[in-house]
Student: 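Have a look at the structure that comes next, please.
Sequence lines set the chain letters: A, B, ... in the order given, protein chains first and strands last, and positions in each chain run from 1. Note that these values count all heavy atoms, side chains included, but never hydrogens, waters or copies made by symmetry. Bear in mind that the values here come from a model prediction, so they are computed numbers and not experimental data.
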Amino acid sequence: MRKQDLVRVHDHLWEIPQSFRRDMRVPARVYTNERMLEQVVSDRSLDQLVNVATLPGIQRYAIAMPDVHEGYGFPIGGVAAVDAREGVISPGGIGYDINCGVRVLRSQQHHDDVKPVLRKLARALAHAIPSGIGRGGATTLRRDELDRVLRDGAKRAVELGFGVPEDLNHIESQGRIAPNDPKYISDDAKERGRDQLGTIGSGNHFVEIDVVDQILDAEAASGLGISEGQIVVQIHTGSRGLGHQVATDWIRSMMKAMPKYGISIPDRELACAPIESDEGQKYLQAMAAAANFAFANRQIITAAARRAWSETLGSSAQLGILYDVAHNVAKFEEYGGRLMLVHRKGATRAFPGQPVLIPGSMGTASYLLMGEEGAMRDTFGSSCHGAGRIMSRSAAKKQINGHELRERLEKMGIVAEAGSVKGLVEEAPEAYKDVDAVVSVVAKAGIAKKVARFTPIAVVKG
Amino acid sequence: MIEAIAHTADVRFRISASSLDNLFSEGLRALTGFMNPYWLRASASVEIEIEARDRTSLLIDFLNEALTKSHVRREAYDTIEFHSLEETSLRATLHGAAAESFEEDVKAVTYHEAELVQQDGVWSTMLVLDI
């Protein structure tokens, strides 16, 4: 893809016309700015977006958010809405980490309250919330118990003692997606995830302590219980091995089914089936159950964070949930009187008034946004999901010294508790786009407004 | 031969070999090598059987099956003993050892960019791992 293949719509939106490739069913649109566009065209993000524009039943545009980067099948930061009756569902448009998402917890503490015990607090969180890579977490369920988690998500976690019913009011879809059915999840998937509840995994997943360093919309921030100097905790993880296996199983199944439905796609990873087909319906229920596993996972991690918090700061120290968003999922939503299935792969739902949680990298800011009407008009109620990578992991390892990075973070007042130096280096701030610029694009495009900015003071990584 | 090629978010390898069965072995070597298991002494083996739509899917499905078995059984595999290898099916025993854990958490071997080709007697394909 070359820059000249794109047509500028306005300062923050470019379009790849439908005429760019004969198999495109709709144009492709990318929200970015002039400077970031140079980065966007430097990898295969937009070629992947053009492939998405070929999906049967896709409506209006294949959309890339400003944090877009190369993925597989869909680009990360991709949105595709397909007609619910005539369209397809593509598990690759949700990704292997079904319902990867972000949860933000509000504390009653301010920066000065935690400064003296910050390292102890970070260690307590790292101890309470294992990465679970290759080894299980603290919560291993029997098969029948696991099925109840798959059916009821965060609600079941609360029933098991991981939180209080009020928590569910602050989670997208109240922490449960239906219809779902655990019988469409394979034994392998259940086995792979059985002992992974309460674990964050590796890669870009983390738990982070942040300070609210800027209030950007006083009224909205106040409504969400956020004030300057307040400490918040971010949790970024998903459905772990269970979700990975569900995606693997169903992509394989749809690959085999496509000839039956006469579907041809330019990238195998976009394997899909009609939404109303047997495969489509079963995958939807499996995806919902895996998404529920992820909601339960973040709920159980929240309980562990609460324990660490009160053990370190005293029993009166509480953590409440600000909000929890999924950024790898497909949902039925209505636009223009038409029911659509919106695939969000590294994109966050941004309905007007809804909190939108945008984690940055470990050394830069994160943002609390709020969805605006422009999202409903232009992006199928979707916003960006993070800063977006610009540097490969191998390049990061070549260019960044782990010990220097740790020292740099310390000088910035950020405590890093990482399972490995390599994991830290791969997620270094310079491996990511400028989150301020990414968020400014969605704000200026009228997709979501800025409410508050968070700055990290402790990072826990797998 | 395994060649690492940059990918913005995930991991990309180009693998090549002089025969189809060696290409499968290189794929397994790339996957297990990247996962970097903490090997235990106890040897392990598992039988697998795959049917796929075509040769490319057969390789990706095979590698995903090896990945699944690794996670579910807490084992890692570095050798394939083929009982049959056809265009769209295979039967094999994977050999390796128990693994205490893995340094890298590979989510899946994707079909993205995978295309088995034979040119001048060399089989090759791209592999993109989601991590």
Student: Please assess B:R74 against A:D195 for the test salt bridge (Lys or Arg N to Asp or Glu O under 4.0 Å), listing each intermediate value before the final yes or no.
Tutor: CA-CA 12 Å; B:R74 300 277 153 78; A:D195 63 354; 3.3 Å; yes
Student: Output the distance between atom CD (A:E426) and atom CD (B:E104), rounded to the nearest 0.5 Å.
Tutor: 5.5 Å
Student: Assess, by modelled atom type and distance only, whether the side chains of A:Y72 and B:D10 contain a donor and an acceptor separated by less than 3.5 Å.
Tutor: no
Student: Among B:V128, B:I131, B:D130, which has the most heavy-atom pairs under 4.5 Å with chain A?
Tutor: B:D130
Student: To the closest 0.5 Å, what do you measure between NZ (B:K69) and CG (A:D188)?
Tutor: 5.0 Å
Student: Where does A:M255 contact chain B at under 4.5 Å (heavy atoms): side chain, backbone, both or neither?
Tutor: both
Student: Output the distance between atom NZ (B:K107) and atom OG (A:S202), rounded to the nearest 0.5 Å.
Tutor: 8.0 Å
Student: Considering only heavy atoms from C-beta outward, does the side chain of A:E70 approach that of B:R12 to under 4.5 Å?
Tutor: yes
Student: Do the charged groups of A:R252 and B:E51 touch, with an N to O distance under 4.0 Å?
Tutor: no
Student: Which of the residues B:V11, B:V106, B:N64 is involved in the greatest number of heavy-atom pairs with chain A at under 4.5 angstrom?
Tutor: B:N64
Student: Calculate, to the nearest 0.5 Å, the distance between atoms CD and CG belonging to B:E115 and A:D267 respectively.
Tutor: 10.0 Å
Student: Nearest 0.5 angstrom please: B:H112 NE2 to A:R268 CZ, how far?
Tutor: 13.0 Å
Student: Let me know if A:Q245 has heavy atoms under 4.5 Å from chain B in its side chain, its backbone, both or neither.
Tutor: side chain
Student: Taking A:T248, A:I76, A:N204 one by one, which has the highest count of heavy-atom pairs under 4.5 Å against chain B?
Tutor: A:T248
Student: State whether the side chain of B:H7 and the backbone N or O of A:G71 hold a donor-acceptor pair below 3.5 Å, judged by distance alone.
Tutor: yes
Student: Side chain from CB out, backbone as N, CA, C, O: work out which of these in A:L270 comes under 4.5 Å of a heavy atom of chain B, or both, or neither.
Tutor: neither
Student: Looking at every non-hydrogen atom in both residues, tell me the closest pair between A:P259 and B:R53 and how far apart they are.
Tutor: CD-NH1, 4.3 Å
Student: So what's closer than 4.5 Å to chain A heavy atoms on B:L67: side chain, backbone, both or neither?
Tutor: side chain
Student: Are A:K256 and B:D54 within salt-bridge range, i.e. N to O under 4.0 Å?
Tutor: no
Student: Which answer fits B:A114, side chain, backbone, both or neither, if we ask what part of it has an atom under 4.5 Å from a heavy atom of chain A?
Tutor: backbone
Student: Before accepting this row, confirm whether a basic side-chain N of the pair B:E113/A:R44 lies closer than 4.0 Å to the acidic partner's carboxylate O.
Tutor: yes
Student: Hey, what do you get for OG1 (B:T110) to CD1 (A:I251), rounding to the nearest 0.5 Å?
Tutor: 8.5 Å
Student: Based on non-hydrogen pairs under 4.5 Å, which of A:K422, A:H69, A:R194 is most in contact with chain B?
Tutor: A:K422
